[in-house]
Q: 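Got a structure for you, questions after.
Heavy atoms only: backbone and side chains are in, while hydrogens, waters and symmetry mates are out.
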Amino acid sequence: MTDYSEEQRNELEALESIYPDSFTVLSENPTTFTITVTSEAGENGETVQTTLKFTYREKYPDETPLYEIVSQENLDDNDVTDIIKLLEQQVEENLGMVMIFTLVSAVQEKLNEIVDQIKTRREEEKKQKEREAEEEEKQRFHGTPVTIENFLNWKAKFDAELLEIKRKKMKEEEQAGKNKLSGKQLFEMDHNLDTSDIQFLEE
C-alpha cells in the first residue's frame, strides 16, 4: 500500500533544498506551498516571474495536485493562459509520480521562452508603429482617393452650394431691381434730364 504522506514529505524536503529562496510552505493540513519561478534575464536584463501555489490532495501523487498562479510579473493574459494549459498537460502526463519539480521545470522553460519572445514582440510592435506612421504619412499626401461614390457625394454638395449662390444672386438682383427707378420716375425727379440730351446734340 502506498504511503502517500511519506511520498509527499520526501518531495517537500527535496523541493526545499532545490528552491531554498523561492519555496514557502503556507499550511500543513492540507499541505500547501508556493514556489516562485523566475526566467533567466533577457537581452535588456528584463525577467518574467510567476508564483505557483500547489496543494497536495490526500492521495497525491495518484491524485492530481491543486495548482494556481497566485502572482505574476511582466506576463500578459495570454502568457498566463499558456502557463495554465502547460500545467494541465504536465499534470496529466505525470499522474502517479511525484511531479512538482517537473511542473516547475516546465514553467521555468516556458518563462525563458516568453522572455525571448518579449524581444521579438517589441521589435514587432516597433515595426507595426513604423508601418502605421508610414500609412498616416501616405494618407496625408494622397488625400482621399476618388471613388464614384465619394465623387457623386461631392458633386451633389457642390451643385447644392452653386444653386444656393445663384439663388442669393437672384434675390439680390430682385432687391436691386425694386430700388431701380423707371425712366418716368427719374424724369420726374430731375427736370434737367429732358434738356441734357439736347445739350449733347448741340455740342
Q: So Lys127 and Arg131, side chain to side chain contact (heavy atoms under 4.5 Å, CB included) or not? Walk me through it.
A: CA-CA 6 Å; Lys127 278 181 195 162; Arg131 274 198 294 269; 4.2 Å; yes
Q: Just how far is it from atom NZ of Lys155 to atom CD1 of Ile148, taken to the nearest 0.5 Å?
A: 14.0 Å
Q: Around atom CD of Glu149, are there more than 12 heavy atoms from other residues, nucleotides or ligands closer than 6.0 Å?
A: no
Q: Tell me if the centroids of the rings in Tyr60 and Tyr4 come within less than 6.0 Å of each other.
A: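 So the answer is no for these two rings.
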Q: Indicate if Phe101 and Val25 have the same hydrophobic cluster label, given that clusters are the connected sets of ILVMFWY residues with side-chain heavy-atom separations under 4.5 angstrom.
A: yes
Q: Working to the nearest 0.5 angstrom, can you tell me the gap between Gln49 CD and Leu75 CG?
A: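 Result: 9.0 Å between the selected atoms.
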Q: May I ask you to check whether Asn29 and Thr31 show a side-chain donor-acceptor distance below 3.5 Å?
A: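 Thr31 and Asn29 do not have a side-chain donor-acceptor pair below 3.5 Å.
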Q: Just by distance, do the side chain of Glu63 and the backbone of Lys59 share a donor-acceptor pair under 3.5 Å?
A: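 A pair under 3.5 Å: yes.
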Q: So that I can tick it off, tell me whether Arg9 and Glu6 are bridged by a salt bridge, with the cut-off set at under 4.0 angstrom between side-chain N and carboxylate O.
A: yes
Q: On a heavy-atom basis, which atom in Glu40 and which in Gln108 lie closest, and how many Å separate them?
A: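 Residues Glu40 and Gln108, closest heavy atoms: N-NE2, 4.3 Å.
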Q: Test Tyr67 against Leu52 for side chain to side chain contact (heavy atoms under 4.5 Å, CB included), laying out the working first.
A: CA-CA 7 Å; Tyr67 53 88; Leu52 306 170; over 6 Å; no
Q: Does Pro65 reach the side chain of Arg57, with side-chain heavy atoms less than 4.5 Å apart?
A: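 Answer no - side chains too far apart.
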Q: Short question: side chain of Thr51, backbone of Thr36 - any donor-acceptor pair under 3.5 Å?
A: no
Q: When hydrophobic residues are tied together by side-chain contacts of less than 4.5 Å, even through go-betweens, does Leu95 share a cluster with Leu66?
A: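 They do not share one cluster, since no chain of ILVMFWY contacts under 4.5 Å joins Leu95 to Leu66.
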Q: Main chain of Pro30, side chain of Ser27: is a donor-acceptor contact present, judged purely on distance under 3.5 Å?
A: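 Side chain of Ser27 to backbone of Pro30: a pair is present.
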Q: Which residues satisfy the side-chain hydrogen bond (donor to acceptor under 3.5 Å, both in side chains) test with Thr34, sequence neighbours excluded?
A: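 Thr34 satisfies side-chain hydrogen bond (donor to acceptor under 3.5 Å, both in side chains) with no other residue.
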Q: For Thr47, is there any backbone N or O sitting under 3.5 Å from a side-chain donor or acceptor partner on Asn74?
A: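 Flag set: sc Asn74 to bb Thr47 pair under 3.5 Å.
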Q: Can you find a heavy atom in the side chain of Lys169 that is under 4.5 Å from one in the side chain of Ile165?
A: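 Heavy-atom side-chain distance check fails, nothing below 4.5 Å.
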Q: Checking the side chain of Glu11 only, and the main-chain atoms of Ile100 only, is there a donor and an acceptor separated by less than 3.5 Å?
A: yes
Q: Under a 4.5 Å cut-off applied to non-hydrogen side-chain atoms, are Val48 and Glu73 in contact?
A: no
Q: Is there a side chain to side chain contact (heavy atoms under 4.5 Å, CB included) between Tyr19 and Val37 once you walk through the steps?
A: CA-CA 9 Å; Tyr19 306 108; Val37 193; over 6 Å; no
Q: Would Thr147 and Asn150 count as having a side-chain donor-acceptor pair, cut-off 3.5 Å?
A: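 The criterion, which ignores hydrogens and geometry beyond distance, is satisfied for Asn150 and Thr147.
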Q: Asn10: what forms a side-chain hydrogen bond (donor to acceptor under 3.5 Å, both in side chains) with it, not counting sequence neighbours?
A: none
Q: Could you go step by step and tell me if Arg167 and Glu164 meet the salt bridge (Lys or Arg N to Asp or Glu O under 4.0 Å) rule?
A: CA-CA 5 Å; Arg167 270 199 204 123; Glu164 192 56 37; 3.5 Å; yes
Q: Check for me, please, whether Ile18 and Leu87 land in the same ILVMFWY cluster - side-chain distances under 4.5 Å, paths through other members count.
A: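 Linked, Ile18 and Leu87 end up in one cluster.
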Q: Name the one of Glu132, Glu125, Lys126 that satisfies side chain to side chain donor-acceptor pair (under 3.5 Å) with Gln128?
A: Glu132
Q: To the nearest 0.5 Å, what is the distance between CG on Asp79 and OG1 on Thr50?
A: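 Here the rounded value is 10.0 Å.
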Q: Within the 3.5 Å criterion, strictly below it, is a donor on Thr55 or Thr32 matched to an acceptor on the partner's side chain?
A: yes
Q: Does Glu113 offer a backbone N or O that forms a donor-acceptor pair with the side chain of Ser39 under 3.5 Å?
A: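 No, Ser39 side chain to Glu113 backbone: no donor-acceptor pair under 3.5 Å.
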Q: For Leu163, look at atom CG and say whether over 12 heavy atoms of other residues, nucleotides or ligands are found less than 6.0 Å away.
A: yes
Q: Say whether Leu26 and Phe33 are linked into one hydrophobic cluster, either directly or through other cluster members, by side-chain heavy-atom distances under 4.5 angstrom.
A: no
Q: Nearest 0.5 Å please: distance from the CG atom of Leu12 over to the CD atom of Glu16.
A: 7.5 Å
Q: Above 12 or not: heavy atoms from other molecules or residues under 6.0 Å from CG of Asp77?
A: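 Counting neighbours around CG of Asp77, 12 or fewer heavy atoms of other residues, nucleotides or ligands fall under 6.0 Å, so no.
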Q: For Glu13, check salt bridge (Lys or Arg N to Asp or Glu O under 4.0 Å) against everything at least two apart and list the hits.
A: none
Q: State plainly whether one hydrophobic cluster holds both Val70 and Ile84, where clusters connect Ile, Leu, Val, Met, Phe, Trp and Tyr through side-chain heavy atoms under 4.5 angstrom apart.
A: no
Q: Got a second to check how far Leu152's CG is from Lys157's NZ, nearest 0.5 Å?
A: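 With rounding to 0.5 Å, CG (Leu152) is 12.5 Å from NZ (Lys157).
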Q: Enter the distance from Lys53:NZ to Ser71:OG here, rounded to the nearest 0.5 Å.
A: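 Taking NZ in Lys53 and OG in Ser71, the distance rounds to 11.5 Å.
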Q: Does Asp82 form a side chain to side chain contact (heavy atoms under 4.5 Å, CB included) with Leu86? I'd like the steps, not just the answer.
A: CA-CA 6 Å; Asp82 289 347; Leu86 175 71; over 6 Å; no
Q: Without hydrogens or angle criteria, can the side chains of Gln89 and Glu93 be said to hold a donor-acceptor pair below 3.5 Å?
A: yes
